[in-house]
Each structure stands twice: as structure tokens, then as C-alpha cells.
Amino acid sequence: MTRFNKKNDILSYNNCARSCYNYLALIGVLLCCGCPLTASIAVTENVDNQRYLQNGPIGSNNDRLHQMLKGVGAAEPNWPQRAKQEVTDVKTEMAKLNTTYVYQNAWPANNVKLGAVTAVSFDKAGNVVIFHRVDRIWSQTTFNNSNVYQERNMGPIRENTVLGLEPESGKVLYSWGKNFFYMPHGLSIDPEDNVWVTDVALHQVFKFPPRGAGGKPLLTLGSAFHPGIRKKFCKPTAVAVLNNGDFFVADGYCNARIIKYSKQGEQILVWGQNSFAGFSYDVAPPNFFAIPHALTLVPELELLCAADRENGRVQCFYSNNGTFHSQYHNPLIGDRLFSMAYTPAAGGELVIVNGPTAELGVAPTDSNEVYGFVMSMRNKQLISKFGPNNLPFENPHDVAVTEDGNCIYVAELNPMRIHKFVHKSIAKTMSLSAVKIISSAQSEPAIATNMSETVNSIDQTQTAHHPSGKAIMVASMMLLFAGSTFALALIMARRRKRGCLPFGTHNRRHAWEKTEGFKLGGLLDRNGFEKLDQNASDEEQEQETTSLSQYA
């Protein structure tokens, strides 16, 4: 008979018991969600049981979880160490990634004043719609340990929190949402142009008519300022809406679950369980979340995908029944993945933004950099990266991508701004045609100025990477050469008239002046264009050179 009298045997026994416990827990979750038992068997494959919290408190880790539920970091240094993983040279691998998107420095215009930008989406007209907090900051004192908002005395935000921006110029086309929200978080727009938003202070989800018309929601879910579980939310993060009107809510920070509702707001499905462990691994147990932070739909595959923030991965589920489909993770992304958006371009891609490890108040344990990434859903490989001027972000919070994959917009908390990126193939076309566009718009100074800033931004960022910058330089040099040749011709003509050319004679000069027929000299004679003089020509040449230098 085997005796458990050795330390290793005891550890082995405990690990075995823990595995059995987790296995049974997973089966229970799946059965509660209406999943077939066969699915639970597949779920347990390649599961690392050390990756998520066991039920019940486990010392400082539980304190850490409370801090996460508050949305801010703790400073406890005594954290359980992550399991050993294969070492990845992040900097080397990052350097291998292509940069396929060009940053638009001059977008939006400087007169667009923003607070912390929490969400970005598109309305039916293709305008960029953002949600921002104006003057509100989420700090360690914003919520108590029960997740109750502590700053109600400040009242709702007094300025408009939702802005609709023109996609080309970044000009504000419309705005709404003042005197209503306390701590904005998620925003999405459904196929009927209705606007869905979440407020983590109110613990509520709202459906507004297109462009917030009337200022009153069409549908409200949750109880204002009262976090809960059943018919309540606790800091809901995001909404995604199907074409038939059914919708999903990520009840993110506290309950760590996804809820599916009918168009009328009746609950259909619930799945998910908190798995926060303070760190991430390459493989996480399906259907467990550590803050489901953002949602996106993959219509072609009938999937709903969620950004499992503190597990550093994207989880995708069948939108009809909530069963697990796949997950997407890469060591270069790291332990924190804040948001993702889907585009059908190139066979299906996820555009992802990660986040800073140090935001939690804990020293970074790796060298992951904060960037945007493009991941293929076909092979789960990273295709490219992007960042402002090819540099890292600081605190990106949400991302949106156009259906054709040509434009990406990133909402950032700090610095408080919205970023725009254009695919290099589109940026190349824009830069080559920029001179014609601006010259035709000279009658509209404001438009011309804005376009020159945009073109200058494009060319500065892509000179080192794309041939379009060289093309513009060649065109500029050709124009400068033509102008210089013309100026030289004027100088030579005048010197001939004065008889001071070393190779000309006085009699010969008069001879060609009297020659009948059309000659170039006739244009230079005072009997021709009498007001043309050397000084005027130099001024025009200088202005032309200055104008063209903006596009070099």
C-alpha cells in the first residue's frame, strides 16, 4: 500500500486534488450555461491550473483582486511568482515586425479638447465617435472596497462626453452627453445607428437613439450607483450588438462575465467566471476571465470575441450559445490586453492594443512594450505593429478599425487623445496626390492649411519606410530646376541687352532683336511683357520653393 509520508507525495496529492476540483468546477460552469457535457472535456485540454484563482481567499492575492476590482493597483510586493515559461526575446521579436500603418500627427485638429478617451467606434455615416471623461479621473479613492462610487457629490459631467469627428479632418461634427454620465467607459454603435454606452460609476448600460437625439436613453439596464449580480451590473465595460438587435454586455471589473440579451433587454445567456491571478500565461482556461474589457463581433464566423484584459488574451465564443471557440495570445503582447477590433480584411484580422504593466503599481516583470498589433485569425500570428510616430503608446484603452482595414483609431487615457493611423498603401496614394489637392484648394485657406499639415505629417513619418517620400522629393527638385533655369534665362537675356556677355557682341545683340518672327527674346524685350523684371521673378521663385518644401 502506498503511503503519503513524503513531501513530494503530499504535493503531488494536492495538485491532483486541485486538478479534479477545477475539472468539476469547469463542468459545473458549462452545464449552468447550457453547454453540452462533451464540450467540458475539450475545455480541460492544455489547461494550466496555476493560472487562475481558486475559489476562496488566498492571502495577498485576494487583496490584489480587490484592488483590481476597484480598477487601480495595489502596492503589495509579495506576489506569488508566475510559472516558468519559455523565454522570449521581446525586443528582438518586436524589431522583426513590420510597420504597416502610418501615423497621422495632425489628426484631429488642435482645437478638439479631450479628457481621458475611453472608447471609439463608428456611426452609420462613417464618422469617428468617441467617449471621453472630460475632467474626471479614476483614482484609488473613486470607489470603495464594495465598488460603490465615492464622488457622487461632484454631480454628472457638465460637458459633452460623446463627440462625432469627421474622419478626414477630425473636425467635431456633433456632440452630446453632458449632465448625464459620471465615469464613461464603453461605447459602441449598432447597425441602426443607436449608441450603446456603459458607465462604471453608475453601474449601468444605456441605449441612446442615433447621435443621442433627445438626450434620453431608449433602454436602461442596471441600478444607478448600486453594484450587484443578478439584475444588476458591477462596473460594466462594453456592449456588442448583433444585426437582429440581440446584444452582449461585458460585466467586466467585478462579475467577470458576459451576458446575452434579446433586443427587448431580456436575459438569454450568461457565462464566465473570475480567474484573476495577477499574471498571464500562454494558455488560460476557456470561459474564465480576468476583466472582460472590450467586445467585438466576427460576423463571418458568428463569433463574439472578448478582450480578457489581465490574462493578456482574446477569447472568442459562438454568439448563438456562448460556447468557447478559440483564444488568441502572443508573448509580444504580454500580460495585459485592453481592447481589440475585428476587420474582415486579409481573410480576417484582429487589431489589438495592450497596456502597461506598471499601471497596476507593480514593477514590470518583463520588457513588453505598449503597441498596437495586427494578428491574423487564420494562423494566430502577429503581422505588424503600430504606434504614434512608430513609438510605444502610454495608456491605450480602446481601438476601432474600418471594415476595409485601411484606418485604425486608438483611444488613449493618458495622454488624453484619440490617434489615427492609415494603412501605408492609402498613405502612399494620398502623399503623391497631395500637391494637386492643396493647389486646387488655395481659395479656401483653412482647408489648404489643414491639408498641408496632414501631408507634411504623412511624409515625415513615411520617408524612412516608403517610396512616396522620394517621389515627392524628385518632383520638388524638378520644379526647382525648372524655376532656376527660367531665372537663369532672364539673367542671361538682360546681360545680352547690356552687351556684357563675354561671348556676345553689341551688333549681334541688335541683330537678333530685329529678327522677325517669334523668338524667346521677344518675350524678354521690354516691348513684350513690360512689367516683368528680375526682382519679381525672384520673389515668385522664393515663394514657390517655400511652398514645395513643405512636402519634401
Distance flag, aromatic centroids of F317 and H325, threshold under 6.0 Å: no
Pairwise distance CD1(I157) to CZ(R136) - rounded to 0.5 angstrom: 5.0 Å
Y371 and its side chain to side chain contact (heavy atoms under 4.5 Å, CB included) partner, picked from S384, P388, P392: P392
Pair W138 + Y253: ring centers closer than 6.0 Å: yes
Nearest-0.5 Å distance, CH2 of residue W196 to CD1 of residue I189: 12.5 Å
Distance (rounded to the nearest 0.5 Å) between L303 CG and S326 OG: 6.0 Å
Rounded distance (nearest 0.5 Å) linking atom CG of L295 with atom CZ of F248: 8.5 Å
Given R257, R313, R336, the one that forms salt bridge (charged side-chain N to carboxylate O under 4.0 Å, His left out) with D308: R313
Reference residue D199; test side chain to side chain contact (heavy atoms under 4.5 Å, CB included); the match among F131, Y182, F180: Y182
Donor + acceptor pair across side chains of N98, T100 (<3.5 Å): no
Within 6.0 angstrom of I229 CD1, more than 12 heavy atoms from elsewhere: no
Other residues, nucleotides, ligands: >12 heavy atoms within 6.0 Å of E302 CD: no
Close aromatic pair by centroid cut-off 6.0 Å: Y328 and F373: no
Spatial distance of atom OG (S169) from atom CH2 (W107) [nearest 0.5 Å]: 8.5 Å
Parallel, tilted or perpendicular: rings of H185 and H293 (30°, 60°): perpendicular
More than 12 heavy atoms of other groups within 6.0 Å of K380 NZ: yes
Atom pair CG/CD of N179 and E159 - distance to nearest 0.5 Å: 10.0 Å
